[in-house]
Amino acid sequence: MWTIMQNRIQELIETLGLQPHPEGGYFAETYRAPQWINTENGNRSLATSIFFLLTSENISRFHQIKSDELWFYHEGSPLTVHVLSENGYKKLLVGPASGSGHFPQQMVPSGVIFGSTVDEPDSYSLVSCVVAPGFDFQDFKMFGEAALLELFPEEKAIIARMS
Ligand code: GUN
């Protein structure tokens with residue numbers, strides 16, 4: 001079963017031209033709006049879109065960006081997005097619509113700290129992420145375990161799992 005999955009993961013990496021992402025997982029930018037806007041962080045494209053692929057063997061580590069991020073489910077198992085914010089810790093499930101909280105579209109607000117996992121064993125998840133204003137690595141910040149523990153001392157369990 002895992003071999004079939006690995007073949008599909010390899011096929012997705014090749015056919016979608018995915019590259020390793022610094023936060024973990026694989027991505028490819030599919031769209032960058034040709035219009036530009038002036039934000040408080042500098043000039044940014046109006047919007048960008050990526051494919052993002054994560055497997056159950058990997059983690060997308062905690063990071064932060066300066067735009068709201070819309071997530072869209074495509075295939076595989078649900079993706080769990082772990083969100084740390086002033087409201088504490090919560091999970092968003094990006095996956096086939098179900099009564100148990102999975103939703104094919106999720107929104108992660110700008111400024112929160114988030115990472116993701118695929119919680120079903122021997123599996124993967126393919127999603128898209130759209131951000132407006134568009135993505136710029138200048139707006140991207142990764143967080144180590146010590147910094148996260150200082151910000152969220154009550155969330156030791158998830159911080160340890162994701163580090
Ligand atoms: N482009 C490159 N990296 C990213 C990312 O982490 N999120 C989004 N939305 N776009 C990106």
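Atoms within each ligand, like the ligands themselves, are counted from 1 in listed order. The structure presented is a predicted model; accordingly, all values stated were derived computationally and were not measured.
Taking a 4.5 Å side-chain heavy-atom cut-off between Ile, Leu, Val, Met, Phe, Trp and Tyr, the cluster of Leu70 extends to Phe72, Met107, Val130.
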Distances only, to 0.1 Å: what are the N or O pairs between ligand 1 and the protein that fall under 3.5 Å?
unit_1: ligand 1; atom_1: 3 (N); unit_2: His21; atom_2: NE2; d: 2.7
unit_1: ligand 1; atom_1: 6 (O); unit_2: His21; atom_2: NE2; d: 3.1
unit_1: ligand 1; atom_1: 6 (O); unit_2: Glu23; atom_2: OE1; d: 3.4
unit_1: ligand 1; atom_1: 7 (N); unit_2: Glu69; atom_2: OE2; d: 3.2
unit_1: ligand 1; atom_1: 9 (N); unit_2: Glu69; atom_2: OE2; d: 2.7

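Under the rule for a ring-ring contact (aromatic ring centres under 6.0 Å, His included), Tyr73 has no partner lying at least two apart in sequence or in another chain.
Here the closest non-hydrogen pair linking Asp139 and Gly134 is OD2-O, 4.5 Å.
Ring pair His74/Phe51 is perpendicular by interplanar angle, where above 60° counts as perpendicular and below 30° as parallel. Using the six-membered ring where Trp is involved, His21 and Phe137 have ring planes that are tilted, between 30° and 60° apart.
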Cut-off 3.5 Å, no hydrogens considered: what does the side-chain donor-acceptor table look like for residues 153-163, sequence neighbours left out?
unit_1: Arg161; atom_1: NH2; unit_2: Asp119; atom_2: OD1; d: 2.7
unit_1: Ser163; atom_1: OG; unit_2: Ile159; atom_2: O; d: 2.6

